[in-house]
Amino acid sequence: MLSAQQTIGNVFFDNQHPSIGDCRDELLAGLRQSQKTLNPKFFYNEAGSKLFEKIMRLPEYYPTRTEVKMLQQYAGEIAEVCGQGGVLIEPGSGNSEKVEYLLKDLKPSAYVPLDISADFLHSTAMRLGDAYPWLQVHAICADFSQDWQMPESLPQGNRLVYYPGSTIGNLDPDDAVSFLNRVSDWVGNEGGVLIGVDLHKSEDILHAAYNDADGVTEAFNLNALHSINPLLDANFDAENFAHKAFYNQDKRRIEMHLVSQSSHDVKCGEDVIRFDAGETIHTESSYKYTTESFSDLAERAGLTRKHGWVDDDGLFSMHYLTPA
Ligand SMILES: C[S@@+](CC[C@H](N)C(=O)[O-])C[C@H]1O[C@@H](n2cnc3c(N)ncnc32)[C@H](O)[C@@H]1O
């Protein structure tokens, strides 16, 4: 069990993890809806974080390698546009692999990785602390969709939120606007947001990316049940569910579901959730944007697109946004 706060060398680790009671209510509310839903944050127990790392390396999963190539190509220009020496905050930092392409150019006074996956975040923060002895790493384990505390000990200076991986696409557009609004508050009037956003493209490319031949995305999706079992004191059996991912043309999003293979009951502590055969739990959406539709969304959150980058194949985009 990780302690609440810990300082080791240049790494400060602050565990603000939400209590299990909060998760239970949220999980049960989702599972009681007519379309059962699960917030994608519940994918990320330690096994889920490791499976996502594997997804990032899949040949079918174009977003990571495309975004990394853009970072390699544009890191210097990004630093010119976003400014150097500020506090760099990354919500949903995962393995922090992408930020490493920016550190040399951005030269942040501190890096704040913020993630819900405690052990994974801890080992990532320790690795970064070792690799970059000049960098203050203030790792925060928290649910960024709820209240969390920015460390008081952060250096002064401009703040830049880095939000890669098109994680913004996991939110329905209205929720994405609310999230960007909150992000705007974290950075203040002088700050900015550097964000990676997946673009519209052929349905074949999208379908393959979420239905890889090795079944890693399937394992990631099914692992959500293992992740929530201890939180709900539940007996979900992954054998009773199948992975399904498809492009919803109307909503311009990939949808991932877990499909119940039979009619059965799942005990969740004192509660029971009933499944019909074929009924699904909607586990994740991944919205796709155009440069214009994403700029419009950012405007709704009071953010202006100051600069943008698109890769040569038009698969992925990055945007620098500032408070209007
Ligand atoms: C799609 S992965 C992206 C990882 C990394 N930023 C990248 O681009 O490769 C999403 C990350 O966000 C984290 N995450 C998801 N929902 C979260 C939440 N509500 N609060 C904090 N972290 C969250 C997950 O643990 C995971 O590491």
Side-chain angles (χ1 to χ4, degrees), residues 14-19 22-23 26-27 30 37-58 61-71 88-102 111-125 127-128 139-150 160-172 175-176 178-180 182-183 186 193-198 209-210 216-217 220-221 223-224 227-228 231 245 253-254 256 283-288 316-319:
D14 182 7
N15 195 346
Q16 302 180 14
H17 206 279
S19 78
D22 296 342
C23 296
E26 186 183 349
L27 280 163
T37 59
L38 193 63
N39 186 313
K41 70 187 176 189
F42 293 110
F43 282 133
Y44 296 98
N45 60 358
E46 190 159 22
S49 296
K50 287 185 175 154
L51 281 165
F52 187 74
E53 261 195 318
K54 277 190 165 180
I55 290 177
M56 288 164 74
R57 318 248 172 275
L58 289 170
Y61 196 73
Y62 64 86
T64 304
R65 67 168 173 278
T66 310
E67 194 174 21
V68 164
K69 211 168 143 194
M70 292 172 76
L71 292 168
L88 182 60
I89 304 164
E90 184 177 357
S93 45
N95 68 3
S96 291
E97 176 183 312
K98 291 171 190 160
V99 82
E100 288 193 70
Y101 293 97
L102 294 172
Y111 170 57
V112 185
L114 168 62
D115 207 285
I116 202 162
S117 187
D119 293 317
F120 197 76
L121 174 67
H122 189 264
S123 54
T124 300
R127 180 181 67 72
L128 288 174
I140 303 175
C141 181
D143 179 345
F144 58 60
S145 62
Q146 301 189 355
D147 286 339
W148 59 281
Q149 299 301 316
M150 195 76 83
L160 175 68
V161 163
Y162 178 47
Y163 199 45
S166 207
T167 309
I168 192 77
N170 294 155
L171 296 171
D172 288 337
D175 293 334
S178 309
F179 177 75
L180 289 175
R182 276 209 308 283
V183 166
W186 303 347
V193 183
L194 177 67
I195 187 163
V197 180
D198 202 5
Y210 295 84
V216 183
T217 312
F220 175 72
N221 198 7
N223 177 66
S227 161
I228 64 173
L231 302 176
R253 67 185 191 193
I254 285 281
M256 288 217 305
T283 48
E284 188 181 77
S285 296
S286 184
Y287 282 85
K288 310 301 169 190
F316 201 86
S317 62
M318 289 173 63
H319 310 261

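Start at 1 and go down the list; that is how both ligands and their atoms are numbered.
Any N or O atom pair closer than 3.5 Å counts here, and K98 shares at least one such pair with ligand 1. For ligand 1, none of its N or O atoms has an N or O atom of L114 under 3.5 Å away. For ligand 1, one of its N or O atoms has an N or O atom of D115 under 3.5 Å away.
When all heavy atoms of Y210 and A245 are compared, the pair lying nearest together is O-CB, 3.6 Å. For the pair P63 and D198, the tightest heavy-atom approach, listed with the atom from each and the gap, is CG-OD2, 4.2 Å.
In the vicinity of F52, heavy-atom distances shorter than 4.0 Å reach the ligand 1 atoms 1 (C), 2 (S), 3 (C). For ligand 1, the atoms closer than 4.0 angstrom to any heavy atom of G94 are 27 (O). Atoms of ligand 1 lying under 4.0 Å from at least one heavy atom of G165, given by number and element, are 8 (O). Remark: ligand 1 atoms within the under-4.0 Å shell around heavy atoms of K41 are 16 (N), 17 (C), 19 (N).
S117 and S49 share a donor-acceptor pair across their side chains, judged by distance under 3.5 Å alone. In this model, no donor atom of one side chain and acceptor atom of the other lie less than 3.5 Å apart for Y162 and S93.
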- [ ] Begin from the C-alpha positions of E284 and K41 and carry the test salt bridge (Lys or Arg N to Asp or Glu O under 4.0 Å) through to its verdict.
- [x] CA-CA 9 Å; E284 188 181 77; K41 70 187 176 189; over 6 Å; no
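Considering only non-hydrogen protein atoms, atom 6 (N) of ligand 1 sits nearest to G92 O, 2.7 Å. Atom 19 (N) of ligand 1 has as its closest protein heavy atom D143 OD1, 2.8 Å. Closest to atom 10 (C) of ligand 1, if we only count protein heavy atoms, is Y44 OH, 3.6 Å. Annotation: atom 3 (C) of ligand 1 to nearest protein heavy atom, T167 OG1, 3.6 Å. Here the protein heavy atom with the shortest distance to atom 22 (N) of ligand 1 is I116 N, 3.2 Å.
Side-chain contact between I55 and F220 is present, with heavy atoms from C-beta onward closer than 4.5 Å.
Partners of Y163 by ring pair (Phe, Tyr, Trp, His ring centres under 6.0 Å), not counting sequence neighbours, listed by chain and number: F179. Residues forming a side chain to side chain donor-acceptor pair (under 3.5 Å) with N170 (at least two apart in sequence, or on another chain): none.
Under the 4.0 angstrom criterion for non-hydrogen atoms, P164 is in contact with ligand 1. Ligand 1 lies less than 4.0 angstrom from a heavy atom belonging to M56. Contact annotation: E90 has at least one heavy atom less than 4.0 Å from an atom of ligand 1. Within the structure, the closest approach of P40 to ligand 1 does not fall below 4.0 Å when heavy atoms are considered.
In A142, the part holding a heavy atom less than 4.0 Å from any atom of ligand 1 is the backbone. Here Y163 has no heavy atoms under 4.0 Å from ligand 1, in either its backbone or its side chain. Residue contacts with ligand 1 for F144 involve both N, CA, C or O and side-chain atoms from C-beta outward (heavy atoms, distance under 4.0 Å).
At distances below 3.5 Å, at least one donor-acceptor pair connects side-chain atoms of T66 with backbone N or O atoms of Y62. With hydrogens and angles ignored, the 3.5 Å screen pairs no side-chain donor or acceptor of T283 with any backbone N or O of L38.
Each of I168, L171, D172 was scored for a side-chain contact (heavy atoms from CB on, under 4.5 Å) with Y287, with one residue passing: D172.
The existence of a salt bridge linking E97 and R127 is excluded, since no basic side-chain nitrogen approaches an acidic carboxylate oxygen closer than 4.0 Å.
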